[in-house]
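Beneath this line is the structure, given in structure tokens, with notes to follow.
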There are 2 protein chains.
Amino acid sequence: MNENDLRVQRTRSLLRQALIDLVKSQGYESISIREITQKAQVGYKTFYRHYAGKDELLQALVDEKIDDFKRILSPPSDPTASQKNTLAALVYIETHAELFLMILKSSAADQLLTAAVEVGREEGRLTFSSSQIPSPLMTHHFASSMISLFRWWLESGMAYSKEEMANYIDLLVIHTLKQLAAED
Amino acid sequence: MNENDLRVQRTRSLLRQALIDLVKSQGYESISIREITQKAQVGYKTFYRHYAGKDELLQALVDEKIDDFKRILSPPSDPTASQKNTLAALVYIETHAELFLMILKSSAADQLLTAAVEVGREEGRLTFSSSQIPSPLMTHHFASSMISLFRWWLESGMAYSKEEMANYIDLLVIHTLKQLAAED
DNA sequence: CGACTTAAGATACACTGTGTGTCACATTTG
DNA sequence: CAAATGTGACACACAGTGTATCTTAAGTCG
């Protein structure tokens, strides 16, 4: 299948957008392939010419965005800039809020956590190690707290500004980990 | 339907256990009603005489355990005993490890979080309030961190002892919140 | 203990969604 | 323009759900 064919690009784009729209209105689980193809105005069989099933379509969307996200959350070699990173992540999340909510509500939520753990392992190796707490636990706590706080922020309708949230996240998570590291 | 009839109790018990066993081996989503009834050695129609569907059976299991859990995690009026509470929660979780993993892997995971938030609201009102961070955010961070750490512990095969974990949780979560409260 | 009550089993059914096969058609590409 | 190929529409077999009906087995209670 030729990726450059305009028809291929158009069909996949329509299918992806249809999934996002449908998740917004009814969640992920209850969506059927027929619904997706109807919403996308695409033949039923055509769906299977591109994806093996609903999960694979979701996967294509997730993979596409997770790379961006990892790049943004990663430390820019300056270890004191984690607050800046947090803010950058919040900016990115806000502009892709629908997509992130979709991922968090779907079965792909674990992948986001995995990605965050990878980032956290990089960052943690530099600044967050502590003799009091095993490093895998530190990493996991950092990653899952970040995801969880992002999620809370999105689900509250972004009631606080990005700057406020970055500050809260700093107080609740980053400050804690730095302090544990400093006690060594 | 008479709840005291031995046949009713036996059937429901068989169905519940079948669900737990099946989730252990293949996860929740892919299980069909027919599989459950076959595993439980119960007629297909019989399932619907007791539960409206798969989710309702899960719900029955979850409801049953969440009450216990809330009672255990709740503060025993002594606000300094949170470490003791944590340890008690870990004991309970360990003895029901399979069930908790099932809940965390299923769609009912959010309910566990909700229950923890309720507990946290009680506890937080006493000891965890801070002028620097909105109280709903404090509560959510406490609850989701606890759940997340419990989950990590279970999924790592309980590699650390309950006492170690209680100590780590104290350092990562409880200590942080208390400190924020103390800064007022 | 025995008659009564009622839950459970077996089977058939309509309905919905999935995934595949086929063929005519339309669009892109060279 | 012509060949290549992605697309749409329709038909199909299959699996799972939830319901109806009738019979059978088991527990309950006097």
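The figures that follow rest on heavy atoms only: side chains count, while hydrogens, waters and symmetry mates do not. Note that the coordinates shown come from a computational prediction; the quantities given were computed from them, not determined experimentally. Quick note on labels: first sequence line is chain A, next is B, and so on, each numbered from 1.
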Rounded to whole Å, how long is the line connecting atom [atom1] of [X] with atom [atom2] of [N]?
| X | N | atom1 | atom2 | value |
| --- | --- | --- | --- | --- |
| A:Met1 | D:dT5 | CE | P | 12 Å |
| B:Leu6 | C:dT5 | CG | C1' | 15 Å |
| B:Glu3 | D:dG27 | CD | P | 18 Å |
| A:Lys45 | C:dT20 | NZ | C1' | 6 Å |
| A:Gln9 | C:dT28 | CD | P | 11 Å |
| B:Asn4 | D:dC29 | CG | C1' | 13 Å |
| B:Asn2 | D:dT28 | CG | C1' | 9 Å |
| A:Gln41 | D:dG8 | CD | P | 10 Å |

Task: Residue met sooner reading DNA chain D from 5', once A:Gly43 and B:Ile33 are mapped to nucleotides - done: A:Gly43

Task: A:Leu61 with A:Ile66, same ILVMFWY side-chain cluster at under 4.5 Å - done: yes

Task: Nearest-nucleotide pick for A:Thr46, side chain only, options being D:dG8, C:dG19, D:dA20 - done: D:dG8

Task: Nucleotide nearest B:Arg49 (side chain, heavy atoms from C-beta), chosen from C:dG9, C:dT28, D:dG18 - done: C:dG9

- [ ] Give a yes or no on whether a donor-acceptor pair under 3.5 Å exists between the nucleobase atoms of D:dT7, that is its base, and the side chain of A:Arg7.
- [x] no

Task: Check: C:dG19 base within 3.5 Å donor-acceptor of A:Tyr44 side chain - done: yes

Open item on the list: If you assign each of A:Asp5 and A:Tyr48 to its closest nucleotide in DNA chain C, which residue comes earlier from the 5' end?
Closed with: A:Tyr48

Task: Short side-chain N/O contact from A:His50 to OP1 or OP2 of D:dG6, under 4.0 Å - done: no

Open item on the list: Tell me whether the side-chain N/O atoms of B:Thr11 come closer than 4.0 Å to OP1 or OP2 in C:dA7.
Closed with: no

Open item on the list: Taking atom CD as the centre, does B:Glu98 end up with more than 12 heavy-atom neighbours from other residues, nucleotides or ligands that are less than 6.0 angstrom away?
Closed with: no

TODO: Count the heavy atoms belonging to other residues, nucleotides or ligands that lie under 6.0 Å from CD of B:Gln41, then report whether that count exceeds 12.
DONE: no

Open item on the list: Both conditions, 6.0 Å and 45 degrees, for the charged tip of A:Lys54 above the ring of A:Tyr28: are they met here?
Closed with: yes

TODO: Any chance you could lay out the side chain to side chain donor-acceptor pair (under 3.5 Å) test for B:Gln9 and B:Glu3, step after step, and finish with the verdict?
DONE: CA-CA 7 Å; B:Gln9 292 178 6; B:Glu3 311 274 333; over 6 Å; no

